[in-house]
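Positions are given from 1 along the sequence. Keep in mind that the numbers below use all heavy atoms, side chains included, and drop hydrogens, waters and symmetry copies.
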Amino acid sequence: MFWRKGYEGTSLADLTRAMGINRPSLYAAFGDKEALFRKALDRYAEGPAAYVRESLNEKTARGGAETLLRRAVDLLSDPRNPHGCLNVQGALVCGAAAEPIRRELTSRRAAGEAAIRRRLRRAKAEGDLALDADPADLARYIATVLHGLSVQAAGGANRAQLLRVIQTAMRAWPR
């Protein structure tokens, strides 16, 4: 439900109906909606979004970046999934009451960018990345393209359109 409707768009009634439980059971099992959302984020990171970690283990940094983006398109274009990425869509529109959730999602996206940056720094140290390439700038670029793919998918872009974005983005890879 959170992936489909975002944090604020998902009501307690939506959650209890989807889980087949009543409100007291939801509170007993998870505490509150915010705690359940955090658990959903953890599960998402270990399940559908596990490709992020896996992609950073590719032999080359360029291969890892391209795999990361292509695996994102696989997830985003799978008709069994809601459109977009939970980490991006989850709090695009949040009021003041959801500020802790917005901060949580911002932190998780920053952690993903930091993981990409570490991989790129390693690549540079190993001679796998151009000497004039800035790992921090390149990591920010890759993360921006990754998040942009999610926004585009949520807006209706199809698989072929998303793959063309990757082709264009990879042309900017430092030589």
Novice: For a 4.5 angstrom cut-off between non-hydrogen side-chain atoms, does Thr16 reach Asn22?
Specialist: no
Novice: Donor-acceptor pair, distance only, cut-off 3.5 Å: does the side chain of Ser107 make one with the backbone of Arg103?
Specialist: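 No: the side chain of Ser107 does not pair with the backbone of Arg103.
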Novice: Applying salt bridge (charged side-chain N to carboxylate O under 4.0 Å, His left out), which residue pairs with at least one partner in residues 130-145 are found, sequence neighbours left out?
Specialist: Glu113-Arg140, Asp137-Arg140
Novice: Applying side chain to side chain contact (heavy atoms under 4.5 Å, CB included) to Leu12 and Tyr27, what does each step give before you reach the verdict?
Specialist: CA-CA 10 Å; Leu12 287 174; Tyr27 287 120; 3.0 Å; yes
Novice: List in chain and number order the residues that pass side-chain hydrogen bond (donor to acceptor under 3.5 Å, both in side chains) with Asn81, two or more places apart in sequence or in another chain; answer none if no residue qualifies.
Specialist: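 Asn81 satisfies side-chain hydrogen bond (donor to acceptor under 3.5 Å, both in side chains) with no residue once adjacent residues are dropped.
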Novice: Could you list the residues that satisfy side-chain hydrogen bond (donor to acceptor under 3.5 Å, both in side chains) with Thr60, not counting sequence neighbours?
Specialist: none
Novice: Can you name the side-chain contact (heavy atoms from CB on, under 4.5 Å) partners of Ala111, sequence neighbours left out?
Specialist: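 Partners of Ala111 by the side-chain contact (heavy atoms from CB on, under 4.5 Å) criterion come out as none, since no residue qualifies.
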Novice: What residues form a ring pair (Phe, Tyr, Trp, His ring centres under 6.0 Å) with Tyr44, not counting sequence neighbours?
Specialist: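 With neighbours one apart ignored, the set is Trp3.
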Novice: According to side-chain contact (heavy atoms from CB on, under 4.5 Å), who are the partners of Thr67, at least two apart in sequence or on a separate chain?
Specialist: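 Thr67 satisfies side-chain contact (heavy atoms from CB on, under 4.5 Å) with Ser55, Glu58, Arg71 once adjacent residues are dropped.
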Novice: Is there a donor-acceptor contact under 3.5 Å from the side chain of Glu66 to the main chain of Gly63?
Specialist: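 A pair under 3.5 Å: no.
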Novice: Would you indicate whether Arg43, at its atom CZ, is surrounded by more than 12 heavy atoms from other residues, nucleotides or ligands within a distance under 6.0 Å?
Specialist: no
Novice: Does Ser77 have any side-chain hydrogen bond (donor to acceptor under 3.5 Å, both in side chains) partners at least two apart in sequence or in another chain, and if so, which?
Specialist: Arg159
Novice: Using a 3.5 Å cut-off and no angle test, enumerate the donor-acceptor pairs between side-chain atoms of residues 168-175 and protein atoms at least two apart in sequence or in another chain.
Specialist:
residue: Thr168; atom: OG1; partner: Arg164; partner atom: O; Å: 3.1

Novice: Evaluate the side-chain proximity of Leu36 to Met19: yes if any heavy-atom separation is below 4.5 Å, no if none is.
Specialist: yes
Novice: Heavy-atom distance under 4.5 Å between the side chains of Leu149 and Ile166, does that happen here?
Specialist: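 With C-beta onward as the side chain, the pair touches.
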Novice: Among residues at least two apart in sequence or on other chains, which ones pass salt bridge (charged side-chain N to carboxylate O under 4.0 Å, His left out) with Arg121?
Specialist: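 Partners of Arg121 by the salt bridge (charged side-chain N to carboxylate O under 4.0 Å, His left out) criterion come out as none, since no residue qualifies.
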Novice: What salt bridge (charged side-chain N to carboxylate O under 4.0 Å, His left out) pairs are there with at least one residue in residues 21-35, not counting sequence neighbours?
Specialist: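 Every pair satisfying salt bridge (charged side-chain N to carboxylate O under 4.0 Å, His left out) with a residue in residues 21-35: Glu34-Arg38.
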Novice: What residues, two or more places apart in sequence or in another chain, satisfy salt bridge (charged side-chain N to carboxylate O under 4.0 Å, His left out) together with Lys5?
Specialist: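 Residues passing salt bridge (charged side-chain N to carboxylate O under 4.0 Å, His left out) with Lys5: Asp14.
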Novice: Can you name the salt bridge (charged side-chain N to carboxylate O under 4.0 Å, His left out) partners of Asp128, sequence neighbours left out?
Specialist: none
Novice: Measuring from Phe30:CZ to Leu15:CG, what's the distance to the nearest 0.5 Å?
Specialist: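 That separation rounds to 9.5 Å.
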